[in-house]
Asker: 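I'd like to ask you about the structure that follows.
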Amino acid sequence: MPEISLTTLVLLCLAALVAGWIDAVVGGGGLLLLPALLLGLPNVQAAHILGTNKAVAIVGTTGAAITYVRKAPVRVWTAVRIGLAALAGSMAGAFFAAGISSDVLRPVIMVVLLAVAAFVMLRPSFGAKAEGEERAPLTRARIVTAIVVVGGGIGFYDGLFGPGTGTFLVLALTAVLHLDLVTASATAKIVNVCTNAGALAMFAYQGSVYWQLAAVMAVFNLIGGTVGARMALSKGAEFVRGVLLVVVLSLVAKLAFDQWA
């Protein structure tokens, strides 16, 4: 593991804390955590950045998932089946990610960041829980679509790059299974645990994880994830929109400066 200053370590831990909170409430904690690792470890291979990111994220996501399952109406078995497909997809994505350099990764992350920022700005209701709507019945076709497209497709993306996976899962689950956003977020956490586990297993096998750094950051990510899930259940996620936009746009500017300045 490369030498890290105390200041960098503190900033990475704070990023892990906020990322866990954002991921639990609206998804997309990787939009902060992964760029923070790229900025904090500028001379490290992309595979090690991605592997360490997964080792941190899985802890906070698991904490958020447990909190949601205890209090939200989650169809656990449906989420697990989607998660198993996502696990396979994430392992495949992680396998291909091993050969990607940071110079290639930064522009991709910037595009994803801008796409999510545009969506959040154009959809003011993003993150608001649907009220007074009856849940549509889960047909076999919807479940199969969720398993193949949401699980397999987004799982592959999560293993390959990762940022925004939680947000994409919430949106896809809401669209395909007609869930309200809080229930979709709860379901997404279970699926995201599987995608993180699959990708982490592949990165660990390749020796691409800085375990000591990940262990320290994971403590803060767990705290953020647990607190975020509780806040989402009690208050909803609308209040996070402004914070998410500021963070996303700031990171785009910084990554663009590092890439082309």
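Remember, predicted model here, so these are calculated numbers, not experimental data. Numbering of residues begins at 1 and proceeds along the displayed sequence. The figures that follow rest on heavy atoms only: side chains count, while hydrogens, waters and symmetry mates do not.
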Asker: Find out whether V18 and L14 are in side-chain contact, i.e. whether some heavy atom of one side chain is under 4.5 Å from a heavy atom of the other.
Answerer: no
Asker: So does I49 get a backbone contact from the side chain of T52, meaning a donor-acceptor N/O pair under 3.5 Å?
Answerer: no
Asker: Would a 4.5 Å heavy-atom cut-off, applied to side chains only, mark W21 and V25 as touching?
Answerer: yes
Asker: Keeping N196 on the side-chain end and K54 on the backbone end, is there a donor-acceptor pair under 3.5 Å?
Answerer: no
Asker: Any side-chain heavy atom of N221 within less than 4.5 Å of one from L17?
Answerer: no
Asker: Exactly one of I66, V193, V56 should register a side chain to side chain contact (heavy atoms under 4.5 Å, CB included) with T61. Which one does?
Answerer: V193
Asker: Provide the closest heavy-atom pair for A232 versus A24 in the form atom of the first, atom of the second, distance.
Answerer: CB-O, 4.4 Å
Asker: Do any N or O atoms from the side chain of K189 and from the backbone of D23 form a donor-acceptor pair under 3.5 angstrom?
Answerer: yes
Asker: Should F156 and S90 count as side-chain neighbours, where that means a heavy-atom distance under 4.5 Å?
Answerer: no
Asker: Working to the nearest 0.5 angstrom, can you tell me the gap between R81 CZ and R75 CZ?
Answerer: 11.0 Å
Asker: Rounded to the nearest 0.5 Å, how far does OG1 of T183 lie from CG of L173?
Answerer: 10.5 Å
Asker: To the nearest 0.5 angstrom, please state how far the CG atom of L200 sits from the OH atom of Y205.
Answerer: 15.0 Å
Asker: Is a donor on one side and an acceptor on the other found under 3.5 Å between the side chain of T226 and the backbone of I223?
Answerer: no
Asker: Nearest 0.5 Å please: distance from the CG atom of L213 over to the CD1 atom of I4.
Answerer: 4.5 Å
Asker: Which residues pass the side-chain hydrogen bond (donor to acceptor under 3.5 Å, both in side chains) test with T7, not counting sequence neighbours?
Answerer: none
Asker: Does some side-chain heavy atom of R230 sit less than 4.5 Å from a side-chain heavy atom of T67?
Answerer: yes
Asker: Nearest 0.5 angstrom please: I190 CD1 to T62 OG1, how far?
Answerer: 10.5 Å
Asker: Report yes or no: does R142 contribute a side-chain atom to a donor-acceptor pair with the main-chain N or O of V176 at less than 3.5 Å?
Answerer: yes
Asker: Calculate, to the nearest 0.5 Å, the distance between atoms CG and OH belonging to L37 and Y210 respectively.
Answerer: 11.0 Å
Asker: Specify the closest pair of heavy atoms between G40 and T8, including all atoms of both residues, with the distance to one decimal.
Answerer: O-CG2, 3.8 Å
Asker: Within the structure provided, determine whether V191 and V150 are in side-chain contact (heavy-atom separation under 4.5 Å).
Answerer: no
